[in-house]
Amino acid sequence: MGEQIKQVQALQIYDSRGNPTVECTVRLANGVVGTGLVPAGASVGRHEALELRDGDPHRLMGKSVYNALDNIEKIIAPAIRNLDVLDQKHVDQTMIDLDGTENKAKLGANAILAVSMATASAAAATKRIPLYDYLGDGVNRLLPLPQVQIFGGGAHSAWRTDVQDFLIIPLAATTYTQALEMIYNVYHTTASWLKKNGNNYGVADEGGFWPAFENHHQVLQTMVKCIEQAGYRPGDEIAIALDIAASELYDGKVYRLKLENRTLTSSELIRELVQWCKDYPIISLEDPLADIDQLGWEALYVELGDQIQLIGDDLFTTNCKRIKQGVEQSLANAVLVKPNQIGTVSETLEAIRYTQQVGWLPVISARSGETEDSFIAHLAVATNSGQIKVGSFSRSERMAKWNELLRIERCLKDRAKFVGKKIFQGVC
Ligand code: 2PG
Ligand code: MG
């Protein structure tokens with residue numbers, strides 16, 4: 001029998017965009033505490049669990065989360081008081097049952113996830129082991145290959161480009177530490193290149209640069225140039241990954257690329273993406289098509305499914321049922337995992353396990369509105385997921401995760417595993 005949950009407190013804090021979000025503290029009978037801080041997305045999938053906001057236009061522009069806090073302290077707390085903190089599934093199921101809706105609309109996924117994360121973190125603390133060890137049952141030790149944003153676009157940069165994330169993956173890295181050094185070199189080479197070319201030097205929501213570009217080819221060419229200038233062979237040592245976030249571009253009939261003033265049908269977009277993959281060292285495409293464009297996903301999978309990683313984010317929303325459908329219909333070969341899309345730690349773990357069982361790749365991901373919580377760094381190691389995406393290589397809410405993984409790597413010493421690009425073997 002583990003320690004019992006005694007007290008559950010909630011606090012409204014602010015995320016990396018300065019928007020209100022939920023923090024929860026779980027206190028155990030033995031005085032040990034755990035906290036959970038919930039992030040928030042900007043390009044939110046239509047099937048995500050509901051983020052409960054008060055909607056009062058006179059308070060924090062409708063974005064306050066006081067009802068979620070009340071739900072934690074008045075409804076959830078009495079129901080989980082005295083439960084065993086080590087029984088994460090029971091705590092999570094109790095909240096799922098209390099809520100009773102398909103998408104956690106009654107209590108709010110932000111309320112439920114904050115408690116769920118705080119429970120896991122209190123459990124690890126009371127066992128006096130790191131969170132990755134607790135969530136991974138002490139056996140998982142795989143440091144993830146990072147996907148790091150260089151240029152930010154879409155909903156994270158006032159639509160400077162239509163594609164949302166231009167990322168790099170340091171394929172040639174043999175350790176996590178080396179992976180970050182490679183990222184550092186490309187990120188800062190890009191910064192110098194932008195300065196030299198008199199371009200806008202600011203950073204977007206996730207810390208990537210957001211200069212003015214004329215078209216998407218120019219962005220991709222700049223990335224290749226900066227990878228080379230940093231001393232790496234594009235494609236071989238460092239590859240490109242894109243999050244198209246295509247649901248944001250689709251009106252139900254066509255895709256609109258505002259930057260290039262073009263309107264594309266699904267098959268035209270597919271043709272364009274296939275061409276990009278021929279012309280540039282792209283190894284991974286996330287949400288290349290809208291979540292409701294299933295025929296498009298099927299067609300793109302036929303073209304590229306055995307060559308590159310095809311990740312469903314809005315398509316699957318970390319929801320096991322939706323991932324199962326995707327597997328049955330061969331829509332993708334990887335799943336973006338964001339705990340707040342589904343709303344509990346247990347369901348997140350289930351989604352990761354299922355993804356791995358069917359031979360697909362889970363990619364653990366942050367949100368564009370983040371906090372200083374480094375829970376997902378531990379989640380990545382605990383589940384041997386092998387990949388993580390946290391935005392760019394600046395801003396402390398991002399660096400908190402990259403740095404936590406450095407600490408985990410040091411803590412594991414020679415027990416740390418890193419397979420780098422081998423993670424893609426057998427998938428694409
Ligand atoms: C995504 C994420 C992170 P958001 O689409 O993958 O880049 O964005 O949190 O806004 O959904
Ligand atoms: Mg995405």
Side-chain angles (χ1 to χ4, degrees), residues 15-19 21 37-51 63 109-110 113 144 146-169 203-210 240-250 273 282 284-293 297 309-319 322-323 326 331-332 334-343 348 351 361-371 373 375-376 379-380 385 387-395 397-398 401-402:
D15 71 16
S16 58
R17 278 192 278 250
N19 288 328
T21 191
L37 285 63
V38 174
S43 58
V44 177
R46 79 190 75 223
H47 298 286
E48 292 193 21
L50 184 111
E51 179 184 80
K63 290 200 164 115
N110 42 352
L113 181 66
Q147 255 192 43
V148 184
Q149 189 191 68
I150 298 299
F151 295 115
H156 304 162
S157 74
W159 298 96
R160 196 67 82 103
T161 60
D162 298 285
V163 170
Q164 183 181 281
D165 292 338
F166 295 86
L167 312 114
I168 54 170
I169 303 186
V203 297
D205 278 7
E206 296 195 285
F209 304 113
W210 59 319
I240 294 176
L242 301 177
D243 180 0
I244 310 288
S247 305
E248 303 278 320
L249 312 176
Y250 195 53
L273 292 175
I282 295 170
S284 177
L285 287 180
E286 178 182 329
D287 282 354
L289 295 148
D291 51 357
I292 52 172
D293 184 6
W297 277 94
Q309 174 169 254
L310 291 176
I311 312 174
D313 171 9
D314 290 350
L315 180 66
F316 299 132
T317 56
T318 318
N319 183 322
R322 295 187 58 80
I323 302 168
L331 300 185
V335 175
L336 204 76
V337 175
K338 295 163 163 170
N340 80 324
Q341 285 184 323
I342 189 69
T348 305
L361 298 172
V363 181
I364 307 299
S365 174
R367 299 306 306 242
S368 49
E370 262 299 329
T371 74
D373 197 319
F375 186 94
I376 58 165
L379 181 67
S385 281
Q387 289 181 84
I388 190 166
K389 172 187 160 195
V390 177
S392 196
F393 206 64
S394 67
R395 301 182 50 139
E397 78 279 3
R398 315 284 147 194
K401 281 74 161 173
W402 302 131

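Remember, it's 1-based here, ligands and their atoms both numbered in the order they're listed.
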Backbone or side chain, does Asp287 get an N/O/S atom under 2.8 Å to the Mg ion (ligand 2)? no
Asp313 N/O/S atom closer than 2.8 Å to the Mg ion (ligand 2): yes
Does Asp314 come within less than 4.0 Å of Arg46, counting only side-chain N to carboxylate O? no
Does ligand 1 have any atom sitting under 4.0 Å from a heavy atom of Val44? no
What I want to find out is whether Lys401 reaches Glu370 closely enough, with some N-O distance under 4.0 Å, to be called a salt bridge. yes
When you measure from the side chain of Asn340 to the backbone N and O of Pro39, does any donor-acceptor pair fall under 3.5 Å? yes
Taking the basic N atoms (NZ, or NE/NH1/NH2) and the acidic carboxylate oxygens, is any pair closer than 4.0 Å for Lys389 and Glu286? yes
Counting backbone and side chain alike, does Asp314 bring an N/O/S atom below 2.8 Å of the Mg ion (ligand 2)? no
Only heavy atoms of His156, strictly under 4.0 Å: list the atoms of ligand 1 that pass. 4 (P), 7 (O), 8 (O), 10 (O)
Which angle, to 10 degrees, forms at the Mg ion (ligand 2) with OE2 of Glu286 on one side and OD2 of Asp243 on the other? 80°
Can you pull out the closest protein heavy atom to atom 5 (O) of ligand 1? Residue, atom name and distance to 0.1 Å, please. Gln164 NE2, 2.9 Å
Which protein non-hydrogen atom lies closest to atom 3 (C) of ligand 1, naming both residue and atom, and how far is it? Glu206 OE2, 3.4 Å
Output yes when a side-chain donor or acceptor of Thr21 lies under 3.5 Å from a complementary backbone atom of Val38, and no otherwise. yes
I need the nearest protein heavy-atom contact for atom 6 (O) of ligand 1: residue, atom name and distance, please. Lys389 NZ, 2.7 Å
Below 4.0 Å, non-hydrogen atoms only: which portion of Asp205 touches ligand 1? Side chain, backbone, both or neither. neither
Min heavy-atom dist Ser43 to ligand 1 below 4.0 Å: yes
Looking only at protein heavy atoms, identify the closest one to atom 2 (C) of ligand 1 and say how far it is in Å. Lys338 NZ, 3.4 Å
